[in-house]
Number of protein chains: 2
Amino acid sequence: MPITIADVAARAGVSKTTVSRVLNGRGELDAATEARVRRVIDELGYVPSARAVSLARGRTGVIGMLVPSLTWPWTGQVLQGAVDTVESGKYGLMLFTCNQGDGSMRQFASQVDAKAFDGLLVIEPEGTLDYITELHAAGLPVVLIDDRESRPQFPSVATTNRAGGRQAALHLLELGRRRPLVVSGTPGFGCVTERTEGFTEAFAEAGFPVPAEALLDGDFTLESGRAAVARAVAGGVEFDALFAHNDLSAAGAMQALGEAGRVVPRDVAVVGFDDVDLAALTTPPLTTVRQPLREMGVLAARMLLARLAGEPFPTEPVVIPTDFVVRGSTAPQA
Amino acid sequence: MPITIADVAARAGVSKTTVSRVLNGRGELDAATEARVRRVIDELGYVPSARAVSLARGRTGVIGMLVPSLTWPWTGQVLQGAVDTVESGKYGLMLFTCNQGDGSMRQFASQVDAKAFDGLLVIEPEGTLDYITELHAAGLPVVLIDDRESRPQFPSVATTNRAGGRQAALHLLELGRRRPLVVSGTPGFGCVTERTEGFTEAFAEAGFPVPAEALLDGDFTLESGRAAVARAVAGGVEFDALFAHNDLSAAGAMQALGEAGRVVPRDVAVVGFDDVDLAALTTPPLTTVRQPLREMGVLAARMLLARLAGEPFPTEPVVIPTDFVVRGSTAPQA
DNA sequence: CTGAAAGCGCTTACAG
DNA sequence: CTGAAAGCGCTTACAG
């Protein structure tokens, strides 16, 4: 029932080889022959089967993308950038998440082993970097998004986490804040280390080193922001500013501050990271370090596509700088 | 270099047929033979090539999913539910969006024609329902998410949009509100019609029909919520309540209300739709109709997987009811 | 400029 | 219980 290249060949009175040549634009073809074959293709509405093409060519035409969770507010932006780019490169995008823990990774691994895609885009999922590194070493083209300095030999797209942390610090210092609380993201992520370092270095250089008790581990969730503030307040830590590693935990922190009777920005000036939609909607609106999320997705996908087209990977991580967006949560106090 | 079924067969001293039988658990096999083949498979780390399997079997093992945009805050939830389910069904999920308009749809269509997936999950993208209907009619198993009453013959997962609209209305009526403004989603979507109808019917039944001037078209964006309120205020429309078709436009509406000097909930009680994370974080927190987003993704994927496993589709749309979440934006006034 | 044939790596009747 | 052979629908040397 479904028409194949053989049907086209028969109807056009040529060999399958010739039809294939027309399809792929390879070799010199008689113009009349080519026109005739094209006409038949149109008449029949023939489209080559992706299954057969991929087996014959030894490539799938699919790019895999592994993402930690789709419910994080910024994942959508990166993903959208990647999907758009992959799509215009005539590839398909196969999506995987680590949402179900080990089960997910097993499923993902089985698709890798089955060679279900030609290249991989990864937003580093907690604790799988070693596995991804193996894949890369085994020859699967991989581009990592975000986690920059942990494996410099890895093709990756990053943003200026360290500079972003520094921007946040300089802004708070300028406002006269001297005792910041830092609510970090999940420990172990390269971006987490960098953001904290950029931030604390700037404070230290200004003569106000951040004490260890003011550095609190979070995990990028709303709840972790709340919990960190609650812990700090309960522990008697004094602070007049707060830097969170993402907007979501900053929003959680602001809620907890409100519950603790601290007014933002009067008592505590708050800076987040990411600039997701939510940031403009908190009360007060959140000052934040803007990550070029969509752009990172686009660039990572472009690098991978270029690689699959035969070009070499860049040897250095590609870095897209962060922006700084000032809003009400750090409004200067009269 | 990559090992094939032939390598396994040779090393185990059996035919490829036998290896295939072990792999797929088909036919009676001598226990010793099977054990030997399994051992060789393990030793060699052999995994069948997805490309070859799909060509031989005539199926891809992939499910396509078409989504309007990944940057809408609720898409992630539905998608996550679908991905998790598809994954545990041993299928892959190929993601498509309509983000680039016609170009996207062309790319999507070419993958459909190439039979790059066995079944399709769709969150109805504006204006492509006819095309999807064709695909369904042409034999591609399709499950639609959300847009319920526009094509009753379509396998779909929906939620109680009409009942949700009614819940919102009854809640506002109970609070003594009589002149609601409705900020609808993109016109033409089935859910939009239903939400408005459920809402206006309840008001009419209570003796307070909603005038046409209070029904404003939006498009689910933050900006459309702002714009609608601005229009109503400028037009002199009087209102003491607002029902928005999603949380994002409700948030936009609340911003515009603030700018217009109207206090929520004192002057205007606001109800949204969806219950995305954002809803709990607006000021005041947003009362909203909760959609079972993740559950809808899970169920739609299950229906499709069951269908691909040979079971028939349910003949009726499957409906998961909405919930109603009361928060500060409709707090009773003393 | 064009075609016959082999091959991609599996599955599946068909035989035994 | 097991295997030889054909077939899935293309691409790609190899010949002419």
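Reminder, nothing fancy here: chain letters follow the sequence lines and each chain counts from 1.
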query = Between C:dT11, C:dG3, C:dT2, which nucleotide has the shortest distance from any of its atoms to the side chain of A:S15?
reply = C:dG3
request  = Take B:E43 and B:R39 through the test salt bridge (Lys or Arg N to Asp or Glu O under 4.0 Å) and record every step on the way to the result.
outcome  = CA-CA 6 Å; B:E43 283 169 13; B:R39 198 174 335 111; 5.0 Å; no
inquiry  = Tell me if a side-chain donor or acceptor on B:T71 pairs with a main-chain N or O of A:G76 at a distance below 3.5 Å.
reply    = no
request  = Send over the distance from B:R59 CZ to D:dG7 P, rounded to a whole Å.
outcome  = 20 Å
request  = Mind calculating the distance between CG (A:L23) and C1' (D:dG9) to the nearest angstrom?
outcome  = 12 Å
request  = May I ask you to decide if the ring planes of B:F220 and B:W72 are parallel, tilted or perpendicular, using 30° and 60° as cut-offs?
outcome  = tilted
Interatomic distance where CG belongs to A:D30 and C1' belongs to C:dT2 [whole Å] = 10 Å
ask   = Between C:dG7 atom P and A:K16 atom NZ, what is the distance in whole Å?
value = 14 Å
request  = For A:T4, report the nucleic acid contact type (base, sugar-phosphate, nothing); a contact means any heavy atom under 4.0 Å.
outcome  = sugar-phosphate
Heavy-atom donor-acceptor pair, A:R36 side chain to A:A12 backbone, under 3.5 Å = yes
message = What's A:S20 touching, base or sugar-phosphate or nothing? Going by heavy atoms closer than 4.0 Å.
response = base
query = Counting only N and O atoms by type, is there a donor-acceptor contact under 3.5 Å from the side chain of A:S49 to the main-chain atoms of A:R51?
reply = yes
Atom-to-atom span, CZ of B:R21 to C1' of D:dC1 - whole angstrom = 8 Å
task = Under 3.5 Å for both distances, Watson-Crick or G-U wobble, that's the pair rule; now give the dot-bracket for DNA chain C, with | marking pairs to another strand and [ ] for crossing ones.
result = |||.||||||||.|||
remark   = Quick note, A:N24 side chain, CB onward, closest among D:dT11, C:dC10, C:dA5 is D:dT11
inquiry  = Can a donor-acceptor pair be found, under 3.5 Å and without considering hydrogens, that links the side chain of A:T133 to the backbone of A:L129?
reply    = yes
task = Indicate whether OP1 or OP2 belonging to C:dC1 is found under 4.0 Å from a side-chain N or O atom of A:T18.
result = no
key: Side-chain-base donor-acceptor pair under 3.5 Å for A:T17 and D:dT11   = no
remark   = Within residues 34-56 of chain B, those residues having any heavy atom closer than 4.0 Å to DNA chain D are B:L55, B:A56
query = So, does A:T75 use its side chain to make a donor-acceptor pair with the main chain of A:S69 at under 3.5 Å?
reply = yes
task = Report yes or no: does B:D118 contribute a side-chain atom to a donor-acceptor pair with the main-chain N or O of B:G61 at less than 3.5 Å?
result = yes
key: Rounded distance in Å - CZ (B:R57) to P (C:dC8)   = 20 Å
ask   = Just how far, in rounded Å, is P of D:dC8 from CG of A:D7?
value = 11 Å
ask   = Which pairs pass side-chain hydrogen bond (donor to acceptor under 3.5 Å, both in side chains) with one or both residues in residues 79-89 of chain B, sequence neighbours excluded?
value = A:T97-B:Q80, A:N99-B:D84, A:S104-B:E87, B:Q80-B:D84, B:D84-B:R294
